[in-house]
Structure formats: C-alpha cells, structure tokens
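For reference, the structure discussed in these notes is given below.
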Amino acid sequence: MHIDIISVVPELLDSPLSHSILQRAQDKGLLTVRVHDLRPYGLGKHHSTDDYQFGGGAGMVMRCEPLAALIDELREQRNYDEIIYLTPDGERLTQRRANRLSLQTDLLMICGHYKGIDERIREEYVTLEISIGDYVLSGGELAAAVLVDSIGRLLPGVIGDETSALTDTFQDDLLAPPVYTRPAEWRGREVPAILRSGNTGAIEEWRHQRAEERTRARRPDLLSDTDPVAD
C-alpha cells in the first residue's frame, strides 16, 4: 500500500510514522507513507497557503491554488483509490471503514488546518471525508496518523500474528473481552480458571460471552449499529 499525505506542518507526522508497527510495516516494504509539505506550493514570496474567508468571520481558510497544484502533481504519478479529507464533519471512522480501506492500494490524505480548506477543493477532488471523533483538532495531521495506523496494522504481514487484528475490539461489532497474562494470581485476584483449562472451545465461548456482556454494559449502541459501509 502507498499513502500520500498533504500537510502544512509535516513535522507533526514524523514521530507517529517512524515508530512501532508503522515503522516495521515500512521496513518490510508492506507500506509506504510519504508526507508532502504544502508550503513550497504557496503563493507569493511568503508562500502563503491560506487567506481570509469570504463573508467575514474568524479563522483563515486554506487556498485552492496550492492544494490543487500539489494534488494535480501527485495524481500524475498515481491513480488514487480514494482522496481523503480529514475533517470533523466527515464520516465517523469505524473499524469497518478501516477494513475496507486496508484493501486499497493507493490513498491520498489531505490534512486541513486553520478553519479548513476551500469548499471547491472538496468538490473537485475529495472522494471520502473522515472524522475520528466529534471534536476539533488544530489540524488534520493527528487524525491522519490515526487513520494510517488503523489501516496499516491490518495489512497482511504487518502484525506477527495476523489473527490478533481479527479479534480486536469492533471487528465483530463487539468490544474485546477481558485479557490476562502471568502471574495467575496477583494481589488476591486470580485469572479465571476457564482460561487456564486448555479447553479451547470453552475458552472461546467464555470470551464471546464476556465480549457481549461488556458491549451491552459499555456500548449498547454497537449491538444495534447500522453502519452504512457494512456491505
């Protein structure tokens, strides 16, 4: 998979993309992530990428011309499966969406900043708008890092035990069940005996029951979720 990211502050993505699972994915050649600085495409001697919004109001808006110039340049090199804009008013990111995106080959992500990007860029180029939650960040860089991580870890070969990702929270619309490791007893609290029984069938049944109970108690909305990207 190849992912391009457009940002006015590319340094914000240095750390998230250069450690742990994402770094291993890139080292293995399973994932390539390129962060492109929008500043060189800015206008005038100061390479301006933003301007005041029409109609007045607080907050600057990212201009069409720099974004269009860089997007056009990147599109000459790749045929993107999706051009994604990270924005609070986008589709809520779900595990199902991450699963679907992990099947793609080429993605382009646009990180907004200030008050956002000119609406005409969204109309002209963007094929998918994603939000990572009902709150506002200073820019789309951290949201892009979250999205890349949620996708990259699903690529075959990235995680040592690929079945691990398939049993994560949300994969089957359930929260994950409780997990334990050694020691078997700690401060008077013991690991459930069923998990030490060696009975695989009984263990799986226990885990499913605990997952349903936890979901019903903490996220009952998931039990009736009608995600529009389920199919």
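Sorted pairs that involve residues 4-29 and meet salt bridge (Lys or Arg N to Asp or Glu O under 4.0 Å), not counting sequence neighbours, are lacking altogether. Pairs engaging residues 140-151 under the salt bridge (Lys or Arg N to Asp or Glu O under 4.0 Å) rule: none recorded [sequence neighbours left out]. Residue pairs meeting the salt bridge (Lys or Arg N to Asp or Glu O under 4.0 Å) criterion with at least one partner in residues 124-134, sequence neighbours excluded, are Arg122-Glu129. The stretch residues 39-52 participates, sequence neighbours left out, in these salt bridge (Lys or Arg N to Asp or Glu O under 4.0 Å) pairs: Asp51-Arg63.
In this structure, the side chains of Trp206 and Pro192 come closer than 4.5 Å at one or more pairs of heavy atoms. Side chains of Tyr52 and Val61 form no contact here, defined as non-hydrogen atoms less than 4.5 Å apart. Here the side chains of Ile84 and Thr127 are not in contact, with every heavy-atom distance at 4.5 Å or above. Residues Asn79 and Asp106 have side chains not in contact (no heavy-atom distance under 4.5 Å, counting atoms from C-beta outward). A 4.5 Å side-chain heavy-atom check between His2 and Arg34 finds at least one atom pair inside the cut-off. Residues Leu195 and Arg207 form a side-chain contact, since some pair of their non-hydrogen atoms from C-beta on lies under 4.5 Å apart.
With hydrogens and angles disregarded, no donor-acceptor distance shorter than 3.5 Å links the side chain of Gln53 to the backbone of Met60. Side-chain atoms of Thr87 do not come within 3.5 Å of backbone N or O of Gly90 as any donor-acceptor pair. Formation of a donor-acceptor pair under 3.5 Å by the Thr215 side chain with backbone atoms of Leu175 is found in this model. Not one N or O on the side chain of Glu190 forms a donor-acceptor pair closer than 3.5 Å with the backbone of Trp186. Between the Asp81 side chain and the Thr105 main chain, a donor and an acceptor come within less than 3.5 Å of each other.
Phe54 is linked by a side-chain contact (heavy atoms from CB on, under 4.5 Å) to nothing, counting only residues two or more places apart in sequence or in another chain. The side-chain contact (heavy atoms from CB on, under 4.5 Å) check on Arg182 picks up nothing, with sequence neighbours excluded.
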Could you go through Leu12 and Ser7, starting from their C-alpha distance and side-chain angles, then the distance that decides it, and tell me whether this counts as side chain to side chain contact (heavy atoms under 4.5 Å, CB included)? CA-CA 9 Å; Leu12 286 177; Ser7 169; 6.0 Å; no

Report the C-alpha separation of Gln23 and Ser18 in whole Å, then their side-chain angles, then the decisive distance to 0.1 Å, and conclude whether the side chain to side chain donor-acceptor pair (under 3.5 Å) test is met. CA-CA 5 Å; Gln23 181 61 56; Ser18 58; 4.9 Å; no

Steps toward side chain to side chain contact (heavy atoms under 4.5 Å, CB included) verdict (Glu119, Glu123): CA-CA 6 Å; Glu119 186 69 17; Glu123 296 169 350; 3.7 Å; yes

In sequence, state the C-alpha distance, the side-chain angles, and the governing distance for Leu67 and Ile110, and then conclude on side chain to side chain contact (heavy atoms under 4.5 Å, CB included). CA-CA 9 Å; Leu67 281 167; Ile110 303 172; 4.1 Å; yes

Met1/Ile3 under side chain to side chain contact (heavy atoms under 4.5 Å, CB included): CA gap, chis, key distance, verdict: CA-CA 7 Å; Met1 172 178 282; Ile3 299 176; 3.8 Å; yes

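Looking at Glu204 and His208, their side chains never bring a donor and an acceptor atom within 3.5 Å of each other. Between the side chains of Tyr41 and Glu73, at least one donor-acceptor pair of N or O atoms lies under 3.5 Å.
Between Glu213 and Arg216 no salt bridge is recorded (no basic side-chain N to carboxylate O distance below 4.0 Å).
Considering Ile132, Leu101, Leu142, Leu107 as possible partners of Leu147, the one that fulfils the side-chain contact (heavy atoms from CB on, under 4.5 Å) test is Leu101.
For Tyr180, the OH atom is densely surrounded, since the number of other residues' heavy atoms within 6.0 Å is greater than 12. In this structure, Arg120 places its CZ atom where only 12 or fewer heavy-atom neighbours from other residues, nucleotides or ligands lie under 6.0 Å away. For Asp89, the CG atom is densely surrounded, since the number of other residues' heavy atoms within 6.0 Å is greater than 12.
Linking Ile, Leu, Val, Met, Phe, Trp and Tyr residues whenever their side-chain heavy atoms come within less than 4.5 Å places Leu74 and Ile121 in a single cluster. Placement of Val146 and Met109 within a single hydrophobic cluster is found when ILVMFWY residues are connected by side-chain heavy-atom separations under 4.5 Å, directly or transitively. Under the 4.5 Å side-chain heavy-atom criterion for grouping Ile, Leu, Val, Met, Phe, Trp and Tyr, Leu108 is not connected to Leu31 through any hydrophobic cluster. There is no path of hydrophobic side-chain contacts, each under 4.5 Å, that joins Ile5 to Val126. Hydrophobic clustering (side-chain heavy atoms under 4.5 Å, transitive across Ile, Leu, Val, Met, Phe, Trp, Tyr) groups Leu13 together with Ile21.
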